[in-house]
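One structure is given below, encoded as structure tokens.
Each ligand, and each atom within it, is numbered from 1 in the order the structure gives. Residues take their numbers from the sequence shown, with the count starting at 1.
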Amino acid sequence: MAETKPPGLQITIIGAGIAGLGAAIALKKHPAIDVQIYERAAELQEIGASIALGPNGMRTLERLGVNNALDESVAFRNKSGFPMIYRHYQTNEVVSVDTHRGHVDPLHHTARFYRAHLQQALLKHVDLAQIHLSKSFRSVAARNSEGKLIITFHDGTTATTDILLGADGIRSRVRTFLVPTSATAWTGWVAFRSVFPISHVAHISGLPDEATHFWGPNGRTLFTSPLGKDLFTVVASHQSDPSAADAPYSDAVWDEDGDVSVFREFYQDWSPLAQAIVAATPHTSVYPNAAARGLDTWVLSLPGDSKGGRVTLAGDAAHAHGGAFAAGGSLALDDAWAFAAAVMHVFPPGSARKPTEEDVGFALRLYEATRKKHTDKVIRAVHEGNGEKVAKALRETETDEALRERMKSRGDPAWIHEHDVLGEFQRALGELKGENDAVKVVDVVVVGGEQVML
Ligand SMILES: Cc1cc2nc3c(=O)[nH]c(=O)nc-3n(C[C@H](O)[C@H](O)[C@H](O)COP(=O)(O)OP(=O)(O)OC[C@H]3O[C@@H](n4cnc5c(N)ncnc54)[C@H](O)[C@@H]3O)c2cc1C
């Protein structure tokens, strides 16, 4: 067991993914906050393929002191400085590019990681004794006599806490336990993801040496990118109408082995370059995409809990937007930072008194006010692109002219990838100041070693 810090505040995190580890790192400098992480997996394996972080996530990694993840040995950034390059599926010509909009330090340029590299980099900043494996969250209840929450795991063991942070991913059990109507639904989109040594494709003439999205008709895409440590990633996509009775992959399981020959067939009428890349891809795994509508509130209370809302969510658990915009990793890191900043706002390091229930309630509202508006906007954008819009696009044959127009007129994702979480935190603080006079508003927050002046 981890060494328990002096009596103060107990925070329990469910899930040792990017959000959960990020929150633990952001809180670790606090001498009186005891953080414990409970993870369902029996070991922290290298599962997953590539994951992108935009400037927002990269800035937050630096703010948290996770500089090892910014290193070019694990973070691959496009040399051109364009976060993404869009190529035509048959001619390979560059039809469009994403650009960084605001002033973005090159260190914070959009990067692609092998997910396991990012997770390992985060784990280096967490005391492993804080992470309890094979602990699958089952339920939580308020024990008013002790003033604590009691968490029960599937193995029958329990843990007590003052605050519960559900960071247990897109199918969050914490979320569906507290908000049973918040289950996700399949969007009809399936990603076929592969990561392998670059030597498999290095012989291919014209192989893109930057993160590149090839777009074809009717939503078919092929993403390729070098990754750190001489790895390469290929992500193929298959879109079907999720409401169709015969939709393929409707029963696919996350991270199950995919059939490379099926995946190669998707690209039969694509350019020789695209076909050479998929022919050289040695294996693939299947990732069905799911999403859910935004929650009404992130400050969750248990029935009969006299202390009010003491449960909240972070990462995909809080906003089940699926893989859209490749934004999940950065949103999770920004959530983690904002959660810690809000808690430290009511309970700064060195504070002589334990936060009251009003303080905790204020912290969770401050966290929600910092993050929910932005992530709700992301979720709305996701749902606008799903449903009937997808079904209609699949029914019609897209002309080359229409494809090119779609590539050029796609939305600019900079509002997601360059979102300023610190600015939002300051805005939210201004909005909530005075809401509760009992809460002493401090003007300095220390998160991950950085002093944030408010
Ligand atoms: C194994 C895995 C592989 C992934 N691979 C990719 C990828 O290749 N590319 C990509 O873009 N995104 C991938 N993702 C999703 C991506 O990590 C998230 O979208 C994003 O990083 C947000 O992180 P998160 O911490 O909110 O969620 P996640 O990264 O999903 O982490 C959630 C954590 O909670 C744990 N958990 C779930 N249920 C319980 C429970 N009941 N009790 C205790 N713990 C629980 C999970 O095991 C996991 O460790 C993957 C996620 C996982 C879990």
Side-chain angles (χ1 to χ4, degrees), residues 12-25 36-54 57 60-61 69 111-119 122-123 126 131-140 151-155 157 159 164-178 184 189 191-195 211 223 225 227 231 233-235 237 253-256 258 284-291 312-336 339 371 375 378 382:
T12 293
I13 299 172
I14 305 296
I18 292 164
L21 294 175
I25 294 166
Q36 302 295 325
I37 308 175
Y38 293 86
E39 164 59 46
R40 178 177 59 187
E43 52 180 316
L44 297 171
Q45 290 170 313
E46 296 191 4
I47 318 178
S50 57
I51 191 163
L53 292 185
T60 298
L61 279 179
R112 271 86 190 180
F113 298 82
Y114 178 34
R115 185 180 178 276
H117 291 163
L118 181 57
Q119 192 178 31
L122 290 163
L123 279 168
V126 179
I131 305 178
H132 310 275
L133 298 171
S134 300
K135 293 287 175 193
S136 177
F137 171 90
R138 187 167 69 189
S139 61
V140 57
I151 299 156
T152 304
F153 300 98
H154 276 282
D155 63 3
T157 58
L164 172 61
L165 179 68
D168 49 341
I170 191 154
R171 289 186 179 76
S172 169
R173 170 71 186 153
V174 178
R175 186 185 69 233
T176 53
F177 180 78
L178 282 134
T184 54
W189 182 61
F192 289 73
R193 294 186 167 127
S194 322
V195 172
F223 171 73
S225 178
L227 300 174
L231 295 176
T233 188
V234 172
V235 183
S237 69
V253 175
W254 177 259
D255 196 41
E256 73 182 10
T284 188
S285 299
V286 178
Y287 296 86
N289 189 48
T312 192
L313 303 163
D316 287 357
H319 36 82
H321 58 283
F325 306 112
S330 293
L331 291 173
L333 287 165
D334 281 356
D335 289 348
F339 170 75
R371 296 299 294 152
T375 60
V378 174
V382 168

Note to self: Can you name the atoms of ligand 1, numbered from 1 with element, that are less than 4.0 Å from a heavy atom of G329?
What the structure shows: 20 (C), 21 (O)
Notebook entry, point to check: Counting only heavy atoms, which portion of K135 has something under 4.0 Å from ligand 1: side chain, backbone, both, or neither?
Noted result: backbone
Next item on the list: Give the atoms of ligand 1, by number and element, whose distance to some non-hydrogen atom of G315 is under 4.0 Å.
Entry: 26 (O)
Check: Side chain, backbone, both or neither: which part of R40 comes within less than 4.0 Å of ligand 1 when only heavy atoms are counted?
Finding: both
Next item on the list: Identify, for atom 28 (P) of ligand 1, the protein heavy atom at the shortest distance, and state residue, atom and that distance.
Entry: R115 NH2, 4.0 Å
Margin query: Taking D168 first and then R173, would you say they form a salt bridge - that is, a charged N and a carboxylate O separated by under 4.0 Å?
Written below: no
Check: Relative to atom 32 (C) of ligand 1, which among A19, G15, A167 owns the nearest non-hydrogen atom?
Finding: A167
Next item on the list: Would you mind running through ligand 1 and noting each atom that sits below 4.0 Å from a heavy atom of G169?
Entry: 27 (O), 30 (O), 32 (C)
Checklist line | Partner of F113 by side-chain contact (heavy atoms from CB on, under 4.5 Å), out of T233, L231, L53 | finding: L53
Checklist line | Heavy atom of the protein closest to atom 35 (C) of ligand 1 (residue, atom name, distance) | finding: E39 OE1, 3.3 Å
Check: Parallel under 30°, tilted from 30 to 60°, perpendicular over 60°: which one fits the rings of Y38 and H132?
Finding: parallel
Margin query: Quick check on R171: does its CZ atom have over 12 non-hydrogen neighbours (other residues, nucleotides or ligands) under 6.0 Å away?
Written below: no
Next item on the list: Ignoring angles and geometry beyond distance, decide whether A317 reaches within less than 3.5 Å of ligand 1 through its nitrogen or oxygen atoms.
Entry: no
Notebook entry, point to check: How does I14 reach ligand 1, if at all, at less than 4.0 Å between non-hydrogen atoms: by side chain, backbone, both, or neither?
Noted result: side chain
Note to self: Within the 4.0 Å heavy-atom shell around Y38, which atoms of ligand 1 are there?
What the structure shows: 43 (C), 44 (N)
Next item on the list: Find the distance between CG (L165) and CG (L313) and round it off to the nearest 0.5 Å.
Entry: 7.5 Å
Notebook entry, point to check: Looking only at N/O atoms, are F137 and ligand 1 under 3.5 Å apart anywhere?
Noted result: yes
Next item on the list: Compute the shortest N/O to N/O distance between R173 and ligand 1 and return yes if it is under 3.5 Å, no if not.
Entry: no
Check: Any nitrogen or oxygen of A41, main chain or side chain, under 3.5 Å from a nitrogen or oxygen of ligand 1?
Finding: no
Item checked: Nearest candidate to atom 9 (N) of ligand 1, where distance is taken over non-hydrogen atoms, out of G17, S194, S50 -> S50
Item checked: Distance-minimising heavy-atom pair for A49 and S194 -> CB-N, 4.4 Å
Next item on the list: Give the atoms of ligand 1, by number and element, whose distance to some non-hydrogen atom of A332 is under 4.0 Å.
Entry: 22 (C), 23 (O)
Checklist line | F153, portion touching ligand 1 at heavy-atom distance under 4.0 Å | finding: neither
